[in-house]
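Numbers for residues simply follow the sequence, beginning at 1.
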Amino acid sequence: MDAYRVNRFRPSPAAALLRWLPSLALAASASLLLGAGAQAQPEEDPALVACDDKDVRDRGRSSRRRAGGSNRDCEYREVVVDQETGEVLRERPVAVQRNVVPRRYTNIPRPTAEDYVALVPIPDRWRIVDSLDPEGYPNRWWDPYNQNTIKGDKPVHGDWFFNVTAISDTVVEFREVPTPVGVQSTDGAGSLDVLGATEQALFNENLAVELVYYQGDTVFRPPDWEIRFTPVFNYNYTELEEITGVNADPGDGITRNDNHVGIQAAFVDKHLRNVSDRYDFDSLRVGIQPFSSDFRGFLFQDAQLGARLFGTRSNNRFQYNLAWFRLLEKDTNSGLNDVSEDLRDNDVFFANVYWQDMPKLGFFSQATLAYNRSREDEFFYDTNDFIQRPASLGQERMRDYDVYYVGYNGDGHFGRLNLTVSAYAAFGEEQGGVFTGQDSDIEAFFFAAEPGIDLDWIRLRGSFLFASGDDDPFDDKSQGYAAIFENPQFAGADTSYWIRQGVPLIGGGRVALSQRNAVLPDLRSSKEHGQSNFTNPGLWLAGAGVDLDLLPELRLSFNANYLAFAETEVLEVARQQANVDEEIGLDLSAALIWRPFMSQNVVARLSYAQLLSGQGFNDLYGEEDPYSLLLNVILTF
């Protein structure tokens, strides 16, 4: 039945020919008539095709190529527009003959079977040139810009690499800092007082040599093993105008020469596993290692002994850290790790997670949990024979504390707006309050934000910071916020006078109002040796800054920060001085940064800062407007 239906509608060849004979005859007649007329009339040019992008094209004609590669002629429109209003005044078609060159191919003949040779084995992509040329690339150990075995460009054996980095960091600094006068004597006759002459000079040289030995592909996935060792060789010179400023012994005079070798990194990193095809991973790092708790170093930024489990998830969208550190003692004059001293009885634990593109594309969010546990019960004197633990403040008692930090940090941009934000709440308990000797509950808060916007070669920045202060040093609450080991990259960083300089509080007591390279007025004996102190005045900071990229290798920056204490009751008790004003003053600074090779290999920075002191600063130190002049040169190989 099916075959019948198909054949029923399929005519035979003879029937089809008979069916089309009338049409073929008509076509032949028309052809003869047209041929006769063609002898009397000239041939017309084919119609032009409009190729203007605003027109609807006949895709069947305008986009089809003829044999030989030449296209049809196209009609292009000449448009006349009013320059003020943008109105189209007229359009005039212009016919253009398009001569398209036929498509051509290379003259190189295709290889034949005889041109192929046997396969040559190549060990890996790093030695491919060596396999083709016995001489290979020239290997000059002093050249970091071309292939260099000691810069990790080529394995030293197997798939093990070695990388050497050398950094010279030179600082020359002239400054005015309130300097306590010791009870023994002063270098200026008739100037016995709480504070003496303020002029100081400093020279500091750090030479860091970073040695890294690692195994792995080094491109798409983390190394399988990494062994890093970084010694730092330091020399420093300090000159003051007051005796007992450089050492507790007046016989040491007003100058100090010192040197130290610190170990800033000595760890082993093991790549545990990959957890996805995109090389999300888990790794374990054990030893002295650098770690920063947040984007700007507000809570903890240091190189300490510890263990850290870290990794990524979801194509690196999530990053996590689980870390424990046992704090090392520091060398007093260089600030570097001193592994010759016993470990401190101070443990720090961290757990944080980073979330990329949260809440918006281009912005990082981070949540942090931290625990600071201190059980230090022995007196400690620094290299210069000044007491560091306990701090010479209040009842001068050893303190134990358990402090928990909960924080949120964000960094990135919302459109053209750059934003960094940080917020922490600190709570816990300390045994032995600074002024009461009684147990005290810790309740403190911190917030900082730095918005900015880029206008071509200009970046405008704003800065705001609040750290809570303790308004009653004799109650059972410690409400002054203190960090673990801060190193803030904020509000001009160490270009700022307040952040760069450590300002002492009490003559002879060696307690600092603020620490060097720190922003919080936490009344510690020092950032390197002292304990966190939550009985402090707190801080308000509001500022503005601008970065001017004058040239690709030259940047000029300005910063202005207004500073004030959040509370002053602690200062009044510590200094036994009533009516201390809250205003610290206006911190003005400028910095010129020069990178002659437009890279980080050579960086020179010249900065000047001056604190226009407010009434609160004058109440503590007299009417002084201290300054700081800094020259810093960093050379990197």
inquiry  = For the aromatic rings, using the six-membered ring if either is Trp, is the centroid distance between Phe446 and Tyr481 under 6.0 Å?
reply    = yes
ask   = Side chains of Asn257 and Tyr235: donor-acceptor distance under 3.5 Å anywhere?
value = yes
Test item: Val177 and Thr198 side chains (from C-beta on) under 4.5 Å apart, heavy atoms = no
query = Under 4.5 Å between any side-chain heavy atoms of Pro596 and Glu553, yes or no?
reply = no
query = Taking the six-membered ring for Trp, are Trp540 and Phe466 parallel (under 30°), tilted (30 to 60°) or perpendicular (over 60°)?
reply = tilted
message = For Phe637, does the six-membered ring have the charged nitrogen or CZ of Lys151 within the cation-pi criterion, i.e. under 6.0 angstrom from the centroid and within 45° of the normal?
response = yes
message = Looking at Arg389 and Glu376, is there a salt bridge between them, counting it only when a charged N and a carboxylate O are closer than 4.0 Å?
response = yes
query = Where does the angle between the aromatic ring planes of Phe464 and Phe447 fall among parallel (under 30°), tilted (30 to 60°) and perpendicular (over 60°)?
reply = tilted
inquiry  = In terms of relative ring orientation, are Phe380 and His529 parallel, tilted or perpendicular, with 30° and 60° separating the classes?
reply    = tilted
query = Using the ring of each side chain (for Trp, its six-membered ring), is Phe325 parallel, tilted or perpendicular to Phe291, with breaks at 30° and 60°?
reply = tilted
Aromatic ring pairing Phe364/Phe295, orientation class (parallel under 30°, perpendicular over 60°, tilted between) = perpendicular
query = Under 4.0 Å between a Lys/Arg side-chain N and an Asp/Glu carboxylate O for Asp454 and Arg459?
reply = yes
request  = Flag the pair Glu239 and Arg256 as a salt bridge only when some basic side-chain nitrogen lies within less than 4.0 angstrom of an acidic carboxylate oxygen.
outcome  = no
ask   = Does NZ or CZ of Lys527 lie under 6.0 Å from the centre of the six-membered ring of Phe485, at an angle within 45° of the ring axis?
value = yes
